[in-house]
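The structure under discussion appears below in the form of structure tokens.
Residue numbers start at 1 and run along the sequence shown. Everything numeric here is computed off the predicted structure, so don't read it as measured data.
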Amino acid sequence: MLYRNLFPRDLMAEFDRLQHEVSALFESTPSIRGLGRGGYPALNVGTSPASVDVFAFAPGLDPAAIEVNLERGVLTLAGERKADTPAPDAKTTLHLDERFAGRFRRVVSLPDDIDAESGAASYTDGVLHVSIM
């Protein structure tokens, strides 16, 4: 009985499953010079013949508190999201907290041929849109 717990019935099937999982990690298609890794704020990055567009989904943030920096082809978005949950005390218990709170920093490497001076940013309905020509 101990043998069955230590080794799966079909050891080769387990090796095959593991190989597929590892292969999937290396087969991800990168966007502009990078892999999607998740984080806050969530990003969409795309290109068109006229510009590179970065969309950062950050509802509830004060737009003035978001730092946008473009230097040497690297776009950096930074800021802080304040916690909106009540402070814990003896009478309250937080059972689940999935909303990100704290400092954040996202970095996107952009194509070499962009013009950093032609960038523009806007924040509408919780979405920061940075467009660089």
Side-chain angles (χ1 to χ4, degrees):
M1 192 58 129
L2 179 62
Y3 177 79
R4 283 188 184 169
N5 290 338
L6 292 177
F7 299 102
R9 283 187 187 169
D10 189 355
L11 189 59
M12 294 310 289
E14 287 298 311
F15 281 131
D16 190 46
R17 181 191 58 79
L18 180 61
Q19 180 183 7
H20 285 292
E21 287 181 12
V22 170
S23 294
L25 292 173
F26 292 103
E27 291 174 5
S28 299
T29 304
S31 58
I32 298 178
R33 301 181 187 174
L35 297 174
R37 291 186 180 88
Y40 181 84
L43 298 178
N44 284 354
V45 181
T47 60
S48 70
S51 66
V52 174
D53 293 298
V54 177
F55 296 90
F57 301 93
L61 285 181
D62 177 13
I66 303 173
E67 301 168 23
V68 179
N69 187 19
L70 178 59
E71 188 174 320
R72 294 188 206 151
V74 176
L75 175 67
T76 304
L77 307 174
E80 183 173 7
R81 182 178 198 158
K82 303 291 184 191
D84 56 2
T85 56
D89 61 19
K91 295 181 182 182
T92 62
T93 303
L94 183 62
H95 295 284
L96 184 63
D97 186 12
E98 294 182 340
R99 188 168 182 178
F100 174 80
R103 295 222 26 96
F104 64 86
R105 180 180 169 101
R106 298 297 307 265
V107 177
V108 178
S109 181
L110 300 172
D112 295 329
D113 60 347
I114 63 159
D115 179 14
E117 299 301 319
S118 68
S122 64
Y123 183 87
T124 306
D125 296 331
V127 179
L128 173 66
H129 177 206
V130 179
S131 182
I132 304 114
M133 311 297 172

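Atom CZ of R103 has more than 12 heavy atoms from other residues, nucleotides or ligands within 6.0 Å.
Here the shortest heavy-atom pairing between K82 and A101 reads C-CB, 4.2 Å. Residues P41 and R106 approach most closely at O-NH1, 2.7 Å, considering heavy atoms.
Panel note: side chain Y123, backbone I66; no donor-acceptor pair is recorded below 3.5 Å. Judged by distance alone, with hydrogens and angles left aside, the side-chain atoms of Y40 form no donor-acceptor pair with the main-chain N or O of G102 at under 3.5 Å.
Of the listed residues (N44, L43, L128), just one forms a side chain to side chain contact (heavy atoms under 4.5 Å, CB included) with F57, and that residue is N44. Of the options V45, I114, V68, a side chain to side chain contact (heavy atoms under 4.5 Å, CB included) to L75 is made by V68 and by none of the others.
Annotation: the span from S51 atom OG to I132 atom CD1 amounts to 8.0 Å, rounded to 0.5 Å. Note: D62 CG to E80 CD = 12.0 Å, rounded to the nearest 0.5 Å.
Between H129 and D53, the closest side-chain pair of non-hydrogen atoms falls below 4.5 Å.
L110 is not connected to V107 by any chain of hydrophobic side-chain contacts under 4.5 Å among Ile, Leu, Val, Met, Phe, Trp and Tyr, and they are in different clusters.
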Checklist entry - Run the side chain to side chain contact (heavy atoms under 4.5 Å, CB included) check on V108 and V52 step by step: do they pass? => result CA-CA 11 Å; V108 178; V52 174; over 6 Å; no

